[in-house]
Amino acid sequence: MKRRRSDRPGLRASRVLTLLATLVGAVLLPAPAAMAAGTTYYVDCSASSNGSGTQANPWNAVSSVNSATFGAGDSIRFAAGTTCTGQLTPGGSGASGNPITMGSYGTGAKPKIDANGATGPVIHLLNQQYWEISGLELTNAASSPAYRSGVLAENSSGGVLRHIRVHDMNIHHISGWSGGWYSTNAGVGVQTDHTTPVSTWDDVVIENNTFDHVDRIAVAVTPDRDGEGTGQTTGTVIRDNTITYSGADDILVVKNDGALIEGNKAGYGGAKEHCPPSGQYCNQASAGIWMSGSNDTLVQNNEVYCHVDGADGTGFDVDWGNHNTTFQYNYSHQNIGGFMLLMPSFSFPGEPTASLPSDGTVIRYNISENDGTNAGCPAAGTPGHGKGVFHFVGNIPNRSGSSVAVPQIYNNSIYVNKSGLNTPILYSRRGGSVTGTLSFRNNAVFNYGTGGYFTTSAGSVYSNNLFYGNHPSSEPADSAKVVTDPMFRNPGNENTSSSYTGADAYQVHPSSPVIRAGTVISGNGGKDAFGNTVSATAAPNIGAYNGTGGNLLSNAGFETGALSPWTQASGSTSSVTGTAARTGSYALTTAASGSGVNQVLTGLSPNTTYLLTGWGKVANAGQTLAIGVKNFGGTETYTTIATTSYTQAAVLFTTGSSSTTATVYCWKNAGGTGAGHCDDLAVEALPSATNTVTNPGFETGALTPWAQSTGTASSVVASNSRSGTYALQTGASGSGAIQTVSGLSSSGTYLLAGWAKAATAGEEVAVGVKSFGGTETYLKTSTTSYAQQPIFFTTGATTTSASPYCYKNTGSSAGYCDDYTLIKLS
């Protein structure tokens with residue numbers, strides 16, 4: 001939380017400096033020169049003598065600029081490739097539609113303005129408006145901190161000043177107070193001073209700039225202190241800036257209405273904590289992008305990473321007294337304090353909004369990757385106040401009477417997969433139990449760490465979330481939750497050669513369990529983090545991605561409510577019905593016997609391996625339904641399903657040397673008396689067809705390199721095989737075999753598929769995998785005919801092996817396993 005200060009000084013240091021500069025100017029500087037409207041003035045600080053300001057006879061010092069008062073349409077141009085020493089305090093204001101501009105001329109590097117360690121801004125505008133500054137390099141490095149900034153536009157006029165635009169600048173090494181006030185220690189600070197009547201700004205745009213090693217903060221649009229008694233600035237846009245190594249925060253707006261913060265990339269901030277002398281504002285806590293006392297702030301498409309400040313240290317923060325703040329489409333990773341800080345209300349003298357809990361907070365379609373650690377960053381911090389993906393400073397802020405009274409957290413993708421990482425998902429500095437309620441829906445939580453969740457007051461909503469990996473006892477109850485691997489593409493961004501990197505890594509494979517597994521949320525914004533449409537009526541995905549995963553099948557979940565482009569596979573009609581859906585609203589319903597549908601895929605690549613997955617069930621146990629593929633240049637292949645609850649099938653097929661089509665089908669076999677159902681089918685191309693299991697079908701006739709998993713022996717037998725000659729036979733109880741497969745990729749998504757059956761109906765045989773860096777996972781069958789068990793899993797961040805197994809836990813007779821496949825998806 002960024003609100004505490006020591007005793008407030010009677011007059012801020014920067015205000016004193018402004019006053020002194022004004023007095024000195026009044027005594028020592030000549031009267032401002034009269035300027036012709038719409039004139040361009042040239043500055044070349046490499047010129048041997050000072051000229052008249054024309055291109056042929058330019059000024060050669062900043063003092064000439066400071067001695068002039070400019071008007072509407074005037075332009076000040078500095079020669080490219082030159083360096084001017086000093087501070088700029090040009091006079092005058094532009095007009096609406098006709099601003100004063102400051103930039104460069106000629107070719108070469110940006111002109112540099114170096115304040116050479118002087119206290120104060122490199123460029124200072126005091127009670128001036130309609131200015132546009134671009135194309136310059138600003139610096140003001142010193143051996144010790146002081147009140148320093150790059151550009152400071154300050155309003156003490158007692159009214160509204162308009163139109164400040166700073167763009168395409170390179171602002172670096174500004175040696176301000178990293179624990180001092182924001183706007184007066186910023187790369188670009190736009191400040192409203194406390195005045196009566198109130199001073200405010202309108203139309204502030206700061207975009208396409210590069211900031212590096214600015215202390216305290218890259219961009220701040222704030223009052224001159226925490227906000228008491230000031231009005232709200234409007235029309236602020238902070239966009240597409242690149243920020244590295246800020247001493248503390250990266251971007252802040254205070255007392256703004258309708259600010260837009262988008263497309264910024266900020267990393268490595270928060271390493272410094274120098275405070276001004278005693279009696280002046282001091283705050284050593286920092287976060288990446290945040291706001292306080294503001295209304296209707298939209299924060300989107302930003303990336304914040306590797307923030308190291310231990311006091312807060314989160315990528316984002318909704319601080320005190322905010323109303324209707326939306327965070328969407330942001331990417332947060334490796335921030336020491338977590339992804340998102342949420343402040344409670346508190347008492348703040350002179351600032352009534354601080355005592356109101358922030359309301360209307362919406363956090364959606366964001367990605368948090370390994371927040372709570374700086375592992376992989378060039379520097380690291382220590383979380384002095386703890387850490388959490390969602391990091392609450394106290395109790396949950398709830399505002400009585402608000403239409404959005406509680407934080408709405410939905411459709412975020414959260415990935416925690418670093419060795420030993422214990423970042424909680426929901427954390428409060430108050431401890432494991434907090435008061436207040438929140439809404440937590442459609443979030444995909446991949447958690448290989450040990451962190452858990454706080455408990456809340458009755459009334460919190462947890463619905464349709466995915467919780468995968470470790471399941472701490474504090475995991476919220478969610479009757480519609482999904483607990484299998486979300487199948488992110490290149491999760492953790494470990495594979496730098498992948499076509500899915502950065503935020504794109506958190507798209508999913510088309511067979512992901514998150515697809516269509518969410519619940520409809522009113523006012524959902526209409527788009528996901530990748531620009532895909534999110535319907536207002538149809539079930540969305542879980543997580544930040546709402547696409548199909550690149551599924552080659554059309555209408556794969558039958559969610560159009562119609563069959564097309566599927567076609568009837570026989571004379572017995574199948575139909576799309578609004579009953580028996582696995583996800584969404586619709587599923588395929590076959591006739592009782594000899595009935596199904598086909599879909600022809602075109603545009604496939606020859607000699608390429610594809611994965612077909614789908615879900616099926618039958619109305620009557622023991623009858624069979626097939627999900628399969630044919631006409632692809634190889635032998636027709638399928639998986640049969642005989643369960644009355646949805647079971648997943650996985651079919652690998654490789655197209656022929658000249659084949660570019662395949663026919664996918666769902667088919668209820670002949671002889672049945674009840675319908676079959678199929679849903680959520682998917683086809684994708686695989687990067688490799690390599691099965692990493694050795695002796696996968698036991699066709700050597702021996703167990704090696706499988707090993708006994710217990711003291712009760714398993715054996716390879718020349719009977720009960722699914723294919724070939726041999727199969728694995730377990731003992732009757734506590735018996736199985738296991739194989740350690742090495743050479744896998746860390747943070748890779750894999751499919752393990754094995755076939756199992758029991759000699760006695762009702763006894764269970766498990767196909768599973770463990771020792772891959774995540775929680776052991778398995779599927780069981782109790783049928784006497786072979787059933788496939790497909791398992792998707794992701795290896796740990798430092799794990800390059802996995803151990804698939806077959807195991808019979810209890811019973812009186814043997815179990816059998818055959819035909820194992822372990823193949824990489826991404």
Side-chain angles (χ1 to χ4, degrees), residues 239-240 251 260-267 288-289 297-305 314-316 318 325-335 338-340 361-371 389-390 407-417 425 439-446 464-466 468 482 486-493 498-510 512-536 538-551 749 826:
R239 179 168 50 208
D240 296 337
I251 296 172
L260 172 63
I261 304 172
E262 67 175 358
N264 303 284
K265 184 172 183 177
I289 297 175
T297 310
L298 178 58
V299 183
Q300 63 182 11
N301 294 308
N302 303 282
E303 179 180 354
V304 182
Y305 58 100
T314 55
F316 300 85
V318 54
T325 309
T326 299
F327 297 87
Q328 60 186 14
Y329 319 140
N330 300 292
Y331 177 32
S332 171
H333 55 102
Q334 300 155 281
N335 295 299
F339 160 43
M340 179 70 64
T361 302
V362 175
I363 304 167
R364 64 189 181 194
Y365 310 117
N366 302 286
I367 295 162
S368 169
E369 173 191 301
N370 290 322
D371 281 319
V389 175
F390 298 98
Q408 301 288 314
I409 302 171
Y410 62 86
N411 282 103
N412 302 284
S413 293
I414 298 157
Y415 182 78
V416 179
N417 185 11
I425 308 304
S439 177
F440 195 84
R441 296 172 290 172
N442 294 353
N443 299 291
V445 181
F446 182 114
N464 294 78
N465 300 289
L466 177 142
Y468 175 71
V482 175
M487 299 172 62
F488 292 135
R489 294 184 179 272
N490 187 26
N493 286 284
S498 172
S499 58
Y500 296 91
T501 57
D504 285 344
Y506 296 93
Q507 297 183 53
V508 301
H509 289 270
S512 170
V514 307
I515 293 177
R516 291 182 295 276
T519 184
V520 174
I521 295 175
S522 176
N524 61 28
K527 296 289 184 181
D528 73 353
F530 304 90
N532 298 300
T533 298
V534 182
S535 171
N541 294 355
I542 295 171
Y545 174 74
N546 200 59
T548 65
N551 194 347
T749 301
S826 65

One should read off an interatomic distance between N411 CG and Q328 CD, to the nearest 0.5 angstrom, of 11.5 Å
Checking Y329 against E262: is there a side-chain donor and acceptor pair closer than 3.5 Å? no
To the nearest 0.5 Å, what is the distance between CD1 (I521) and CD (Q408)? 7.5 Å
Under the 3.5 angstrom rule, does the side chain of R489 hit a backbone N or O of T749 as a donor-acceptor pair? no
Measuring from I261:CD1 to I251:CD1, what's the distance to the nearest 0.5 Å? 6.0 Å
Does any part of the side chain of Q300, heavy atoms only, come nearer than 4.5 Å to the side chain of T326, both counted from C-beta? no
Measure the spacing between CG of N532 and NZ of K527 and express it to the nearest 0.5 Å. 8.0 Å
Please answer whether the main-chain N or O of V299 pairs with a side-chain N or O of N330 as donor and acceptor at a distance below 3.5 Å. yes
Mark yes or no for whether T501, through its side chain, and N493, through its backbone, hold a donor-acceptor pair below 3.5 Å. no
Testing the basics here: between G543 and S413, what is the closest heavy-atom pair and its distance to 0.1 Å? CA-OG, 3.6 Å
Between D240 (side chain only) and N264 (backbone N and O only), is there a donor and an acceptor less than 3.5 Å apart? no
Under 4.5 Å between any side-chain heavy atoms of V318 and F327, yes or no? yes
For a quick test of reading the model, state the closest non-hydrogen atom pair linking L260 to R239 and the distance between them. CD2-NH1, 4.3 Å
Taking it one step at a time, do R441 and N464 satisfy side-chain contact (heavy atoms from CB on, under 4.5 Å)? CA-CA 6 Å; R441 296 172 290 172; N464 294 78; 5.8 Å; no
Sequence neighbours left out, what passes ring-ring contact (aromatic ring centres under 6.0 Å, His included) with F339? Give chain and number order. F316, F390
Would you check if the side chain of N366 reaches a backbone N or O of A544 as a donor-acceptor pair within less than 3.5 Å? no
State the CG-OG distance between N551 and S512, to the nearest 0.5 angstrom. 11.5 Å
Locate the shortest heavy-atom distance separating N302 from G263; write the atom from each residue and the value. OD1-N, 3.2 Å
Just wondering, do P513 and L466 contact through their side chains at under 4.5 Å, heavy atoms? yes
Taking all non-hydrogen atoms of both residues into account, name the closest pair between Y331 and A503 and its distance. CE2-N, 3.7 Å
Using only atom types and a distance under 3.5 Å, with no angle test, would you say the side chain of N443 pairs donor to acceptor with the backbone of I409? yes
Determine whether a donor-acceptor pair (N or O, by modelled atom type, separation under 3.5 Å) exists between the side chain of N465 and the backbone of F440. yes
Keeping the roles fixed (side chain from N541, backbone from G518), state whether a donor-acceptor pair exists under 3.5 Å. no
Residue list, ring-ring contact (aromatic ring centres under 6.0 Å, His included) with Y545, at least two apart or on another chain: F530
Taking the side chain from N442 and the backbone from T519, do they hold a donor-acceptor pair closer than 3.5 Å? yes
Between H509 and S826, is any side-chain donor less than 3.5 angstrom from a side-chain acceptor? yes
Are the side chain of N524 and the backbone of S522 linked by a donor-acceptor contact shorter than 3.5 Å? no
In terms of heavy-atom contacts, F488 and V508 come closest through CD2-CG1, 3.9 Å
Which atoms form the tightest heavy-atom contact between G549 and P510, and what is the distance? O-CD, 3.2 Å
